[in-house]
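Okay, structure first, notes after.
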Amino acid sequence: MIYADAVVTNISQLVTCAGEKPKTKNDMREAGLVEKAWLAALNGRIVFMGKEKDFKANVSLTRKARVIDASGLVGLPGFIDCHTHLPFAGDRAKEFSLRLAGYTYLQLAELGLGIQTTVEATRAIPAPELEDICLKRLETMLLNGATTIEAKSGYGLNREDELKQLRVLKNLARRQPVSIVPTFMGAHEIPPEFKSDHSSYIKLLKEELMPEIKASNLAEFFDIFCEPTVFNLDETRELAIQAIKLGYKLKIHTDEFVPIGGTELAVELGARSVEHLLNITPAGIEKLAGSRTAAILLPGVSFFLMTDKKAPARELIDCGTIVALASDFNPGSSNLFSMLFVLQLGVFTLKMTIEEALNACTINAAYALDRQDEAGSIEPGKSFDLILCDLPSYLHLAYELGKNPIKTVIKQGKVVVEQGCIKE
Ligand code: NIG
Ligand code: FE
């Protein structure tokens, strides 16, 4: 007999994303659909997924078990936003309006706007205030179905303020339900103090900040912005090798504005993921295909920067790359909170099928964070992280735009969103 303390009955369609983890090629077209599904959990872990008949034959409910009737609702795994820059202060609405007036993102960066503005604001804000701002952002992400996110530092760019960002993330992990996977991204930009002396900043990262942050267990991943105007290929390699030596898992932002070959380097170094890829070369695509490095595509960036340049999702999927989707939530190039919208952008702008986009926002995103055994699909043994949507079928996830159909969110077995509102 299987014991359960929570059960969701009669889910009209359950998208499980179960099976291979991660999924590639044709497997990405399988959403693991179960009609009229029953789901049971014990202590926040899924213990049963199947039909009513099997549930009744095999599952016994504890005395205080919670029963949720999901008739007429579509269920899916909680979304995993595997690339965000959550802990920053301020906004860049003014810069946004300048872009609308014709300036490009890179021109504004050259004028000292861009990331630099956010670095100043993030350095200036006290930690408790930053934490409260991030708490509100996390609530919005949760209402939009994210139950796990990755979050990068990288707007402090000095010891004190990088630590501040990462400590804020640690506190937030205790204060609210969304799981946070922390990434140290001291290599997001060259700080103004080191503009003409990259090597001293790299030395500071390698010899002081990277070891200290690793030793204090404040970050699991290390990420580098590999672009000719930020960290070039040699600098990226130097930082990446040190990251691996210290025990970080590796992510690289690259081939975003200029095809620099960062993808090839990422695969060569065994990075867990390589991110952006608007300008990935055929050689980069070839290298990624069949590798264990996931490609995290961020369609919100092309949308938000209003560029026709898109990541070649179709080519990447068709040649066997592990493709995930994420928001890149940040104030400059993607001020985007909703994974549902990311899924829709994957379909509408990257020409992914709905099933591919679903797998890219769940199980493949979990893989990109090394959480494929914990989250990203509805299967016994995994964390009970579920979204229930008021939709006629899962196809409507991309077919209906501009509304939030997410009524219920369950995180580790607890109902955290009810009737579309955060449950206090
Ligand atoms: O991932 N590409 C680098 N960093 C961010 C943008 C940061 C910003 O503009 O503040 C990104 O898009
Ligand atoms: Fe980013």
Side-chain angles (χ1 to χ4, degrees), residues 81-99 103-123 133 137 149-157 161-162 165 181-192 221-232 236 250-260 262-263 266 271-280 294-307 309-311 324-337 339 342 345 365 368-369:
D81 194 345
C82 60
H83 179 146
T84 87
H85 298 260
L86 177 76
F88 64 84
D91 67 62
R92 305 237 291 275
K94 197 149 159 232
E95 175 186 319
F96 175 60
S97 76
L98 286 171
R99 283 203 291 111
Y103 287 88
T104 68
Y105 179 79
L106 286 180
Q107 280 169 341
L108 291 167
E110 276 158 25
L111 291 173
L113 292 162
I115 294 182
Q116 197 41 50
T117 325
T118 306
V119 171
E120 279 160 31
T122 305
R123 285 180 175 181
I133 293 171
R137 291 178 184 148
I149 69 155
E150 182 258 14
K152 304 172 197 293
S153 69
Y155 288 114
L157 306 180
D161 295 301
E162 287 293 312
Q165 286 188 283
V181 178
T183 296
F184 174 37
M185 200 177 178
H188 190 197
E189 180 52 287
I190 310 285
F221 285 89
F222 187 75
D223 194 347
I224 308 159
F225 191 12
C226 174
E227 280 281 326
T229 49
V230 193
F231 294 93
N232 68 29
T236 301
L250 184 64
K251 296 180 165 292
I252 301 185
H253 275 62
T254 196
D255 294 335
E256 178 179 2
F257 296 105
V258 177
I260 184 177
T263 302
R272 188 71 180 193
S273 61
V274 63
E275 339 213 333
H276 282 288
L277 314 184
L278 301 189
N279 280 290
I280 188 173
I296 302 183
L297 309 184
L298 308 159
V301 176
S302 302
F303 181 77
F304 201 80
L305 295 183
M306 294 171 272
T307 152
K309 198 85 195 170
K310 310 259 183 321
L325 290 172
S327 69
D328 196 13
F329 173 71
N330 78 73
S333 65
S334 185
N335 196 16
L336 166 50
F337 294 82
M339 278 304 288
V342 169
L345 287 172
L369 298 181

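Just so you know, ligand 1 is whichever comes first in the structure, and atom 1 is the first atom listed for that ligand.
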Discussion item. Show, in sequence, the C-alpha distance, side-chain angles and deciding distance for Lys152 and Glu162, and conclude whether the salt bridge (Lys or Arg N to Asp or Glu O under 4.0 Å) test is met.
Written reply: CA-CA 10 Å; Lys152 304 172 197 293; Glu162 287 293 312; over 6 Å; no
Worksheet item: Can you say whether the rings of His276 and His83 are parallel (under 30°), tilted (30 to 60°) or perpendicular (over 60°)?
Response: perpendicular
Discussion item. I need the Leu86 CG to Asn330 CG distance, nearest 0.5 Å.
Written reply: 11.0 Å
Worksheet item: Is Arg99 reaching over with its side chain to a backbone N or O of Phe304, donor-acceptor style, under 3.5 angstrom?
Response: yes
Fill in: Pairing of Glu256 and Lys309 as salt bridge, 4.0 angstrom limit
no
Discussion item. Would you compute the distance between atom CG of Leu298 and atom CG of Asp328 and round it to the nearest 0.5 angstrom?
Written reply: 4.5 Å
Item to complete: State yes or no: are the ring centers of Phe329 and His85 separated by less than 6.0 Å?
Response: no
Item to complete: Compile the protein residues with any heavy atom at a distance under 4.0 Å from an atom of ligand 1; present them by chain, then by number.
Response: His83, His85, Arg92, Tyr105, Ile115, Tyr155, His188, Phe225, His253, Glu256, His276, Asp328, Asn330, Gly332, Ser333
Item to complete: Determine yes or no for a side-chain-to-main-chain donor-acceptor pair under 3.5 angstrom, with Gln165 supplying the side chain and Gly156 the backbone.
Response: yes
Worksheet entry | Distance under 6.0 Å and angle within 45° of ring axis: Arg137 vs Phe88 | yes
Discussion item. Taking 2.8 Å as the distance threshold, tell me the number of protein N/O/S atoms next to the Fe ion (ligand 2).
Written reply: 4
